[in-house]
Amino acid sequence: RTLAVPRLRQGSGRECSLLACLAVSTGTEYDMLMGASGAAFTTTIDTEGWDPLAASPLDDATLERAALAAGVRTDRVEPPFDEEMRALVLDLVKGAIEAKLPPLVRGAIGPPEYGLVVGYDDATPKLYLRTYFDPTDEAPTIGWDAFTGPDKGTLVFLDRGTTPDRATLARTGIDVATASAQTRDVAMRSWLAALRDEPRWRDHKHGGALAFADHAMRTILHDKRRAAARFLRSVREALPSRRGAEVLRAAEAYGKVADAAEKVGVGAFEPAVARRFVEGGQRRAWANALEGALAHEAEAHDALRAA
């Protein structure tokens, strides 16, 4: 049996795989999960390896806050699986599909990001998936050989619980935003410094990969800040009027950060992007935009701290 879940696509919105998959599974608003989990307010970067995966929120703390916002409890099952465990996992998958609450799976196809188990064939046996790395529109299948370790096949089963009210979700998201402000500022300033470090961009041999990574990170930043603005606008009425006004001010500032990233370029990656980035024009434009975005980030932080 297979659930009808559309193909997930990078560069088309909902860029953070953990929150996107949880939203699809539970039917919860993506922006609400992004905001209440705090993921919408974070910025992380690997300035050494320039690995775009570092920009995506994949940690367990984000998962648990997002699950609370979605009104579900999580049950993690990590591979490898022996014969007895395989039978148990298949039964759990069957139950989840019957309940129309497909489990999350990490790294079963491609990098260690999240996808969904959307179906099963117990005669083979095999599982049907939806991930950001599906080669075609048809849901790919995997066998037990895909489950090899924590980043290659960890399953997260979900059980329905109680969803907190919006005021509680707002406070949780704002707490994460204020607590992570310094880390976020350091990451963005490191990003800016790397963009302006001209010697590191003279190696045109690896320029295309670096351009792709930067584009992916910029797209994720745009997605996060757009979600932050939408989340804050959606919860401001659940807060006292003065705090609601500060939350709205933060939403406006985050919207300007998203606009700055969008003007330079987000969405699906194209080869021409790599050429413009390596030649320097787009890279310098993004550095200038990022420098301006830092001021908006500071304003958003001040507003949330006041709230």
Side-chain angles (χ1 to χ4, degrees), residues 15-16 18-19 28-45 47 54-70 163-194 217-218 220-263 286-307:
E15 304 298 328
C16 300
L18 168 57
L19 290 308
T28 310
E29 295 175 5
Y30 174 74
D31 295 331
M32 177 59 69
L33 296 184
M34 288 287 288
S37 69
F41 308 104
T42 62
T43 303
T44 49
I45 187 171
T47 54
S56 189
L58 300 166
D59 58 286
D60 293 343
T62 296
L63 169 60
E64 292 308 317
R65 288 191 296 267
L68 179 65
T163 304
D165 60 38
R166 284 189 173 246
T168 299
L169 297 178
R171 287 194 295 271
T172 301
I174 291 170
D175 284 347
V176 176
T178 54
S180 63
Q182 183 175 0
T183 302
R184 179 176 68 239
D185 186 69
V186 169
M188 293 187 73
R189 291 187 184 279
S190 298
W191 194 352
L192 176 59
M217 294 188 295
R218 185 166 59 253
I220 290 172
L221 178 67
H222 171 263
D223 180 73
K224 286 181 175 182
R225 297 306 186 262
R226 182 178 58 182
R230 291 173 175 173
F231 168 75
L232 292 173
R233 291 188 184 105
S234 74
V235 300
R236 69 184 181 91
E237 293 183 356
L239 301 172
S241 58
R242 184 187 64 80
R243 294 180 181 181
E246 294 292 353
V247 163
L248 184 58
R249 180 161 70 95
E252 294 299 322
Y254 282 130
K256 291 175 182 176
V257 176
D259 289 343
E262 186 171 356
K263 286 178 181 177
W286 173 225
N288 293 336
L290 189 57
E291 184 173 35
L294 284 167
H296 300 309
E297 290 277 326
E299 182 181 0
H301 172 60
D302 288 344
L304 291 183
R305 185 169 53 189

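Computed from a prediction, not measured in an experiment: that's the story for all the values here.
In this structure Glu252 satisfies the side chain to side chain contact (heavy atoms under 4.5 Å, CB included) test together with Arg233, Leu248, sequence neighbours excluded. Evaluation of the side chain to side chain contact (heavy atoms under 4.5 Å, CB included) rule for Ala298 yields no partner, not counting sequence neighbours. The side chain to side chain contact (heavy atoms under 4.5 Å, CB included) test applied to Ala55 returns Met217, Ile220, not counting sequence neighbours. For Thr62, the side chain to side chain contact (heavy atoms under 4.5 Å, CB included) partners at least two apart in sequence or on another chain are Leu18, Leu19, Ser37, Ala39, Pro57, Asp59, Arg65.
Looking at Asp185 and His301, their side chains never come closer than 4.5 Å, going by heavy atoms from C-beta outward. The closest side-chain heavy-atom distance from Met32 to Val235 is below 4.5 Å. By the 4.5 Å heavy-atom criterion applied to side chains, Asp223 and Met34 are counted as neighbours. Side-chain contact between Trp191 and Leu294: absent, with no pair of heavy atoms (C-beta onward) separated by less than 4.5 Å.
Within the model, atoms CD1 of Ile45 and OG1 of Thr183 stand 13.5 Å from one another, a figure rounded to the nearest 0.5 Å. Note that the OG1 atom of Thr44 and the CG atom of Leu221 stand 10.0 Å from one another [nearest 0.5 Å].
Closest approach of Leu239 to Gly244, counting heavy atoms only: CB-N, 4.3 Å. Residues Ala300 and Tyr254 come closest through the heavy atom pair CB-CZ, 3.4 Å. Taking all atoms of both residues into account, the shortest heavy-atom contact from Ala36 to Ala69 is CB-CB, 3.6 Å. Taking all atoms of both residues into account, the shortest heavy-atom contact from Leu192 to Ala287 is CD1-O, 3.2 Å. The minimum heavy-atom distance linking Ala261 with Trp286 is given by the pair CA-CZ3, 3.8 Å. Across Arg249 and Ala303, no two heavy atoms sit closer than the pair NH2-CA, 3.3 Å.
In this structure, Asp302 pairs ionically with Arg305, as a charged nitrogen and a carboxylate oxygen lie closer than 4.0 Å.
Between the side chain of Tyr30 and the backbone N or O of Cys16, at least one donor-acceptor pair lies under 3.5 Å.
Sequence neighbours left out, the pairs with a member in residues 288-298 that pass salt bridge (Lys or Arg N to Asp or Glu O under 4.0 Å) are Arg184-Glu297, Arg196-Glu291, Arg225-Glu297.
Applying the 6.0 Å contact sphere to CD of Glu64 captures more than 12 heavy atoms from other residues, nucleotides or ligands. Atom CZ of Arg243 sits in a sparse spot, with 12 or fewer heavy atoms from other residues, nucleotides or ligands closer than 6.0 Å.
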Indicate every side-chain donor-acceptor pair of residues 167-176 with a distance under 3.5 Å to a residue at least two apart or in another chain.
| from | atom 1 | to | atom 2 | distance (Å) |
| --- | --- | --- | --- | --- |
| Thr168 | OG1 | Asp165 | OD1 | 2.8 |
| Thr168 | OG1 | Arg171 | NH2 | 3.4 |
| Thr172 | OG1 | Thr168 | O | 3.0 |

